Amino acid sequence: MDVAVFVAVFVLALGSSLAMLFARNAVHVALFLVAGQVALAVAFLLQGAFFVAAVQVIVYAGAIMVLFLFVIMLLGVDQREALIEPLPGQRPLAIGLGALLVLEILYASMRGLDLASASPEGSAALARLNADPGNVEALARLLFSDFLLPFEVTSVLLVAAIVGVMALARRMGGPLTASERSDRAEEVAA
Amino acid sequence: MTRVDPGYFLALAGLMFSIGVVGTLVRRNAIVIFMFVELMLNAVNLAFITFARMHGELDGQVLVFFVLVVAAAEAVVGLAIILRIYRLRESANVDDVNLLKW
């Protein structure tokens with residue numbers, strides 16, 4: 001049963017990532033990314049990470065991707081990518097090096113296979129943790145004890161991000177761009 | 001918990017990460033490049049979850065939590081920068097932002 005689920009997750013996640021690579025439209029890329037993220041959430045569930053799977057769907061596939069789609073819509077959907085190549089040979093080189101990276105990582109994870117079969121008690125230990133205090137509670141205990149300082153730093157990061165975005169997105173004084181000028185002209189005409 | 005060997009999950013994470021790297025190098029639209037960066041972060045999250053299972057500890061899952069928070073902050077700031085460049089240049093193409101290139 002779980003092998004079938006894993007095969008489905010594998011096909012869906014890899015297929016949607018590949019489709020991202022070949023999709024022309026930015027909205028399609030975003031939707032394929034959402035599909036891949038939901039598939040990854042199932043992979044998290046398979047491995048006993050229940051809380052993180054829920055957060056993955058709510059925060060990633062929900063909030064962050066909606067933000068992406070919002071910006072894509074704001075900038076205009078019909079943005080075709082330029083086919084002019086400023087760096088000759090970059091595309092084939094990128095694909096070749098990507099294939100090399102795949103080989104490297106596959107080799108490393110094959111070694112990981114040996115490593116994992118050498119220590120099969122990890123799954124059992126995690127299952128015990130998920131059963132006795134529960135996944136969320138065990139995670140919370142760890143987060144608020146051993147990882148308390150990183151947790152606090154995270155809150156500083158979030159405040160800095162909010163302030164930074166407000167500073168960046170604010171409309172500064174200065175010359176208007178072409179579209180802004182036409183917008184103003186339309187307002188005046190109306 | 002699944003009987004599927006952790007190595008297969010690691011292979012999936014590695015393949016998705018590589019696709020993210022290639023996409024980042026090949027695509028030209030700034031938002032699309034950004035989405036490939038998110039794909040790479042997702043692949044790394046899967047690797048962390050798999051390591052947590054291999055070692056039978058929850059530290060990997062806590063790290064995924066932090067990666068999620070940083071990814072959210074990074075997405076917001078990055079999209080604001082892209083928006084700002086778009087207002088200035090009327091384009092989301094990364095090749096149009098070449099003022100600092102010699």
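Everything quoted here is computed from the prediction, not taken from an experiment. Chain naming here is simple, since letters A, B, ... match the order of the sequence lines and numbering starts at 1 in each.
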Q. Does one hydrophobic cluster hold both A:Ile95 and A:Val29, with members joined at side-chain heavy-atom distances below 4.5 Å?
A. yes
Q.
Run the side-chain contact (heavy atoms from CB on, under 4.5 Å) test on B:Ile19 and A:Leu21 for me, step by step, so that the C-alpha distance in whole Å, both residues' side-chain angles and the decisive distance to 0.1 Å come before the verdict.
A. CA-CA 8 Å; B:Ile19 291 173; A:Leu21 214 51; 4.2 Å; yes
Q: Give the member of B:Leu83, B:Ile82, B:Val64 that has the highest number of heavy-atom pairs under 4.5 Å with chain A.
A: B:Leu83
Q) Between CZ of B:Phe48 and CD of A:Gln47, what distance do you get to the nearest 0.5 Å? A) 13.5 Å
**Q.** Contact origin within A:Phe147 toward chain B - heavy atom pairs under 4.5 Å
**A.** both
Q | B:Glu38 vs A:Leu33 side-chain heavy atoms within contact, under 4.5 Å | A | yes
Q: Answer yes or no: is there a side-chain heavy-atom contact under 4.5 Å between B:Met35 and A:Ile72?
A: yes
Q. Taking a hydrophobic cluster as the set of Ile, Leu, Val, Met, Phe, Trp and Tyr residues connected by side-chain heavy atoms closer than 4.5 Å, whether directly or through intermediates, do A:Ile64 and A:Leu157 fall within one such cluster?
A. no
(Q) If you define the side chain from C-beta out and look only at heavy atoms, does anything of B:Leu79 sit under 4.5 Å from A:Leu67? (A) yes
**Q.** Pairwise side-chain contact, A:Leu46 with B:Phe9, heavy-atom cut-off 4.5 Å (strictly under)
**A.** yes
Q.
Please classify the contact of B:Thr24 with chain A as side chain, backbone, both or neither, using a heavy-atom distance under 4.5 Å.
A. neither
Q: Answer yes or no: is there a side-chain heavy-atom contact under 4.5 Å between A:Leu143 and B:Phe66?
A: yes
Q) Measuring from A:Arg91:CZ to B:Arg27:CZ, what's the distance to the nearest 0.5 Å? A) 8.5 Å
Q | Under 4.5 Å from a heavy atom of chain A, the part of B:Ala71 involved | A | both
Q: Sort out for me which of B:Val70, B:Leu63, B:Leu15 touches chain A most, counting heavy-atom pairs under 4.5 Å.
A: B:Leu15
Q) Would you say A:Leu14 and A:Leu45 are hydrophobically clustered, going by side-chain heavy atoms of ILVMFWY under 4.5 Å? A) no
Q.
Only pairs of heavy atoms separated by less than 4.5 Å count here; which of A:Gly36, A:Pro150, A:Ser16 has the most with chain B?
A. A:Pro150
Q) Based on non-hydrogen pairs under 4.5 Å, which of B:Leu41, B:Val21, B:Leu68 is most in contact with chain A? A) B:Leu68
Q: Sort A:Ala99 into side chain, backbone, both or neither according to what part of it lies under 4.5 angstrom from a heavy atom of chain B.
A: neither
Q. In terms of heavy-atom proximity below 4.5 Å to chain B, should A:Leu106 be classed as side chain, backbone, both, or neither?
A. side chain
Q) Would B:Ile81 and B:Ile33 show up in the same hydrophobic cluster when neighbours are defined by side-chain heavy atoms closer than 4.5 Å? A) no
Q: Could you tell me how the ring of A:Phe151 sits relative to the ring of B:Phe65: parallel (under 30°), tilted (30 to 60°) or perpendicular (over 60°)?
A: parallel
Q) Under a 4.5 Å heavy-atom cut-off, does chain A meet the side chain of B:Glu57, its backbone, both or neither? A) backbone
Q) Counting heavy-atom pairs under 4.5 Å to chain A, which of B:Asn45, B:Leu25, B:Leu58 comes out on top? A) B:Leu58
Q) For the candidates A:Val5, A:Leu93, A:Val55, A:Val102, which exhibits the highest count of non-hydrogen atom pairs separated by less than 4.5 Å from chain B? A) A:Val102
Q: Would you name the heavy atoms of A:Ala49 and B:Ile49 that are closest together and state the gap between them?
A: CB-CD1, 3.4 Å
Q: Give, as side chain, backbone, both or neither, the part of B:Val62 having an atom under 4.5 angstrom from any heavy atom of chain A.
A: both
Q | Shortest non-hydrogen contact from A:Leu129 toward B:Gly56 | A | CD1-O, 4.0 Å
Q. If you tally heavy-atom pairs under 4.5 Å against chain A, which of B:Asn42, B:Leu12, B:Val77 wins?
A. B:Asn42
**Q.** Taking every non-hydrogen atom, the tightest pair across B:Val32 and A:Ala26
**A.** CG2-CB, 4.0 Å
Q) If every non-hydrogen atom of B:Ala73 is compared with every non-hydrogen atom of A:Ala161, which pair is closest and at what distance? A) CB-CB, 3.8 Å
Q) So do the side chains of A:Ile105 and B:Leu10 get within less than 4.5 Å of each other, counting heavy atoms only? A) no
Q | Within-4.5 Å side-chain heavy-atom neighbours: B:Tyr8 and A:Phe10 | A | no
Q. Are B:Val44 and B:Leu46 joined in one hydrophobic group, where the rule is that I, L, V, M, F, W and Y side chains link up if heavy atoms are under 4.5 Å apart?
A. yes
Q) Quick one: what part of A:Ile162 sits under 4.5 Å from any heavy atom of chain B, side chain, backbone, both or neither? A) neither
Q: Report the distance from atom CG of A:Leu168 to atom CZ of B:Arg84, rounding to the nearest 0.5 Å.
A: 7.0 Å
Q) Taking every heavy-atom pair that is under 4.5 Å apart, which of A:Leu97, A:Leu139, A:Val59 has the most such pairs with chain B? A) A:Leu139
**Q.** Heavy-atom side-chain contact between A:Leu142 and B:Gln61 under 4.5 Å
**A.** no
